[in-house]
Amino acid sequence: MFDIKFIRDHGEKFDAGLARRGVPPKAGEILGLDEEARKYTAVLNDMQSRRNAASKAIGAAKAKGDEDEFNRLKAEVDQIKTQMPTAEAEQKKKLDQIRDILSGLPNLPADDVPQGEDEAANEEVRKWGEPRKLNSAKEHFDLGEALGQMDFEAAARMSGSRFVLLKGGLARLERAIANFMLDTHTGEFGYTECQPPLLVRDDALYGTGQLPKFAEDLFKSTGDHWLIPTAEVSLTNIVREDILAEEELPLRFTAWTPCFRSEAGAAGRDTRGMIRLHQFSKVELVSITAPDQSNAEHERMTECAETVLQKLDLAYRTMVLSTGDMGFSARKTYDIEVWLPGQAQYREISSCSNCGDFQARRMNTRCRAKGEKQTTFVHTLNGSGLAVGRTLVAIMENYQNEDGSIAVPDALNPYMGGVEKIETAVD
RNA sequence: GGAGGGGUGGCAGAGUGGUCGAAUGCGGCGGUCUUGAAAACCGUUGGGCUUCACGGUCCCGGGGGUUCGAAUCCCUCCCCCUCCGCCA
């Protein structure tokens, strides 16, 4: 969401930012509506003023028992009141139009975001580790099915496509990965572990930017709730409608939750395996910062996510997304891509975004410096730290042995109860 | 799910339909006193929009209505609390 005052003062800059994201100019239309709305506001203001004055005088007239004056004033108010509904309706119409336009516009990209139409224009920021070269590397679904611990058919029978059933060692590995990530982020990086709601209302999704534009990507309950597509929604909305003390910022939250996505429009993409599912689990990172701290926090958050991959000894590269590949609410995004030997390519495993005050405006979350009266909108950031399912995939493909068993990375040993290798159950 | 009771300024808590944007207390800020602090005392202390300013206007959970006039009456939705029922 944008500040109408910013558009009034910097219409060209606003349109230029939109243009960077392939959105046609909107400032002219918005400011035209704004001007009309303000015109009606002024008219309405004047009518209210006259009505209030007359009403006050009526009280006095009545107290004095001045019947004539009472009736004269009453007629005057009646006259004013016949005109008010049209002005009110017009004003509301214009304001609604402005709100509808604004709520559908994506955040403006930061200046240092590369220009481009899609992921082809993303730029590599850094690279870590050597992509593992394996003889006849298998993909994770072949490995998992051979182990008898990854069952897409059973999942499909109860739930349809894009679901998976993990069993035995792989199910445990998923839990170990999540615990390891949570321990790292809470223990080393100061994030507060949360167990947030998975069902949320419209307002929350509007706050983080999934609504009103992306309803088709979400699952809705039979009631008024939606399943979260990411814990970003729950964790960011913790501070909705709050005024925070600036000294207590940044706030850092993390949570391991399932995420639910309809994957509308992804038909045919990544149909095999665990890369793209309707339900997957993810450890999410969210930071709430003062406005001047968000850029530094963005770098820090990305490093927190990268650290997990380093501890797991998984090769990755970090990309800064181009204007065409960024999400709706982001002003700048880093994607972390892990090397998958089975696919012989880098695949996204984390996405860390600085949303600036875009979500804060939608949630009405502000902060106040000590002793100050003035409040300002906070900045919000979110990142995967990491996608647990895709981390499982990465471990399987990178740690596979020729016999189809999977070695457990050292970092996960404390979480696997002595299991050092995942192999076909022998009974 | 049933029956009741509530949602008011940073917090607590008043408010017969007509100078109520709102008493009072706490907290905050400024001052007096003090070597300094505390205590005490005095003063001050919501926000949005609009205006160069004066001012005007809107906001007492959200939305709608009644009225010349609504924090106050009515409808509706949301949230919280108590009791009952059901339940992981």
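In the text below, chain A, chain B and the rest are named by the order of the sequence lines, each starting its count at 1.
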Engineer: Below 4.0 angstrom, N of the basic side chain to O of the carboxylate: do A:Asp96 and A:Arg99 qualify?
Structural biologist: yes

Engineer: Is A:Glu232 salt-bridged to A:Lys282, going by a charged N under 4.0 Å from an acidic O?
Structural biologist: no

Engineer: Which whole number of Å gives the distance between the C1' atom of B:G64 and that of B:G9?
Structural biologist: 25 Å

Engineer: For B:U57 versus B:G28, give the span between their P atoms, rounded off to a whole number of Å.
Structural biologist: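 My reading of the P atoms in B:U57 and B:G28 gives 35 Å.
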
Engineer: Centroid separation under 6.0 Å, is that true for the rings of A:Phe358 and A:Phe2?
Structural biologist: yes

Engineer: In terms of side-chain geometry, is the basic nitrogen of A:Glu36 or A:Lys39 positioned less than 4.0 Å from the acidic oxygen of its partner?
Structural biologist: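 Here A:Glu36 does not pair with A:Lys39 in a salt bridge, since their nearest N and O are not under 4.0 Å apart.
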
Engineer: Donor-acceptor check, side chain of A:Thr254 to backbone of A:His185, threshold 3.5 angstrom: yes or no?
Structural biologist: no

Engineer: Nearest-Å distance, NZ (A:Lys94) to P (B:U50)?
Structural biologist: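 That distance rounds to 18 Å.
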
Engineer: Please confirm whether the backbone N or O of A:Glu397 pairs with a side-chain atom of A:Gln400, one donor and one acceptor, at under 3.5 Å?
Structural biologist: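 Pair found, side chain donor or acceptor close to backbone of A:Glu397.
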
Engineer: Give a yes or no on whether the backbone of A:Glu348 and the side-chain of A:Asp335 come within a donor-acceptor separation of less than 3.5 Å.
Structural biologist: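 No, A:Asp335 side chain to A:Glu348 backbone: no donor-acceptor pair under 3.5 Å.
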
Engineer: Checking A:Ser262 side chain against A:Asp217 main chain: does a donor-acceptor pair fall under 3.5 Å?
Structural biologist: yes

Engineer: Can you tell me how far C1' in B:G2 sits from the matching atom in B:C59, rounded to whole Å?
Structural biologist: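 The answer is 36 Å between these two C1' atoms.
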
Engineer: If the P atom of B:U8 is compared with that of B:C73, how far apart are they to the nearest Å?
Structural biologist: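 It comes out at 16 Å once rounded to the nearest Å.
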
Engineer: Could you tell me whether the side chain of A:Asp34 and the main chain of A:Ile30 form a donor-acceptor pair under 3.5 Å?
Structural biologist: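 Pair absent, no side-chain N/O of A:Asp34 close to backbone of A:Ile30.
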
Engineer: Could I get the full list of ring pair (Phe, Tyr, Trp, His ring centres under 6.0 Å) partners for A:Phe180, not counting sequence neighbours?
Structural biologist: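 A:Phe180 satisfies ring pair (Phe, Tyr, Trp, His ring centres under 6.0 Å) with no residue once adjacent residues are dropped.
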
Engineer: How far does the P atom of B:U45 sit from the matching atom of B:A22, given to the nearest Å?
Structural biologist: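 Each nucleotide's P atom is 11 Å from the other's.
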
Engineer: Considering only atom C1', compute the distance from B:C60 to B:A40 and round it to an integer number of Å.
Structural biologist: 34 Å

Engineer: Measuring only the C1' atom in each nucleotide, how far is B:G1 from B:C11? A whole number of Å is fine.
Structural biologist: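 Their C1' atoms lie roughly 35 Å apart.
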
Engineer: Using whole Å, report how far CG of A:Asp203 lies from P of B:G63.
Structural biologist: 13 Å

Engineer: Going by an N to O cut-off under 4.0 Å, is there a salt bridge joining A:Arg162 and A:Glu263?
Structural biologist: no

Engineer: Would the distance check show the side chain of A:Asp15 and the main-chain N or O of A:Lys26 forming a donor-acceptor pair, the cut-off being under 3.5 Å?
Structural biologist: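 Answer holds: yes.
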
Engineer: Atom CG of residue position A:Asp224 - does it have more than 12 heavy atoms of other residues, nucleotides or ligands inside 6.0 Å?
Structural biologist: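 Incorrect, the count does not exceed 12.
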
Engineer: Under 3.5 Å, side chain of A:Asn237 to main-chain N/O of A:Ala204, donor-acceptor pair present?
Structural biologist: yes

Engineer: Using a cut-off of strictly less than 4.0 Å, decide whether A:Arg38 has a side-chain nitrogen or oxygen near OP1 or OP2 of B:U51.
Structural biologist: yes

Engineer: Using a strict heavy-atom distance below 4.0 Å, which residues from residues 70-86 of chain A are in contact with RNA chain B?
Structural biologist: A:Lys74, A:Val77, A:Asp78, A:Lys81

Engineer: Separation of A:Glu246 atom CD from B:G28 atom P, in whole Å?
Structural biologist: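 Distance, rounded to whole Å: 20 Å.
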
Engineer: Pull out every protein N or O sitting under 3.5 Å from an N or O of nucleotides 7-13 of chain B, one pair per line with the distance.
Structural biologist:
none

Engineer: For A:Ile275, is there any backbone N or O sitting under 3.5 Å from a side-chain donor or acceptor partner on A:Arg347?
Structural biologist: no

Engineer: For B:G7 versus B:G62, give the span between their C1' atoms, rounded off to a whole number of Å.
Structural biologist: 12 Å

Engineer: Can you give the dot-bracket line for RNA chain B, where a pair is Watson-Crick or G-U wobble with both atom distances under 3.5 Å, crossing pairs use [ ], and | marks a partner on another strand?
Structural biologist: ((((((((.[[[..)..(.....]]]((((((.......))))))(((((....))))).[[[[[..)....]]]]])))))))....

Engineer: Is a salt bridge present between A:Arg252 and A:Glu297, judged by a nitrogen-to-oxygen distance below 4.0 Å?
Structural biologist: yes

Engineer: Between C1' on B:U67 and NZ on A:Lys56, what's the gap in Å once rounded to a whole number?
Structural biologist: 17 Å

Engineer: Quickly work out the A:Phe377 CZ to B:G48 P distance and round it to whole Å.
Structural biologist: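 Rounded to whole Å, this separation is 10 Å.
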
Engineer: Whole angstrom is fine here: how far is it from CE in A:Met47 over to P in B:C68?
Structural biologist: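 Distance, rounded to whole Å: 18 Å.
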
Engineer: Looking at A:Arg20 and A:Ala110, would you say the former's side chain and the latter's main chain have a donor-acceptor pair under 3.5 Å?
Structural biologist: yes

Engineer: Is the distance from OP1 or OP2 of B:C79 to the nearest side-chain N or O of A:Arg201 less than 4.0 Å?
Structural biologist: yes

Engineer: Within residues 1-10 of chain A, find the residues that approach RNA chain B with a heavy atom at under 4.0 Å, and present them sorted by residue number.
Structural biologist: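 A:Lys5, A:Arg8, in order of number.
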
Engineer: In whole angstroms, how far is the P atom of B:C78 from the CD atom of A:Glu241?
Structural biologist: 16 Å

Engineer: For a quick check, with a 4.0 angstrom heavy-atom cut-off, what is the B/S/- contact string for nucleotides 55-61 of chain B, read 5' to 3'?
Structural biologist: -BSS---

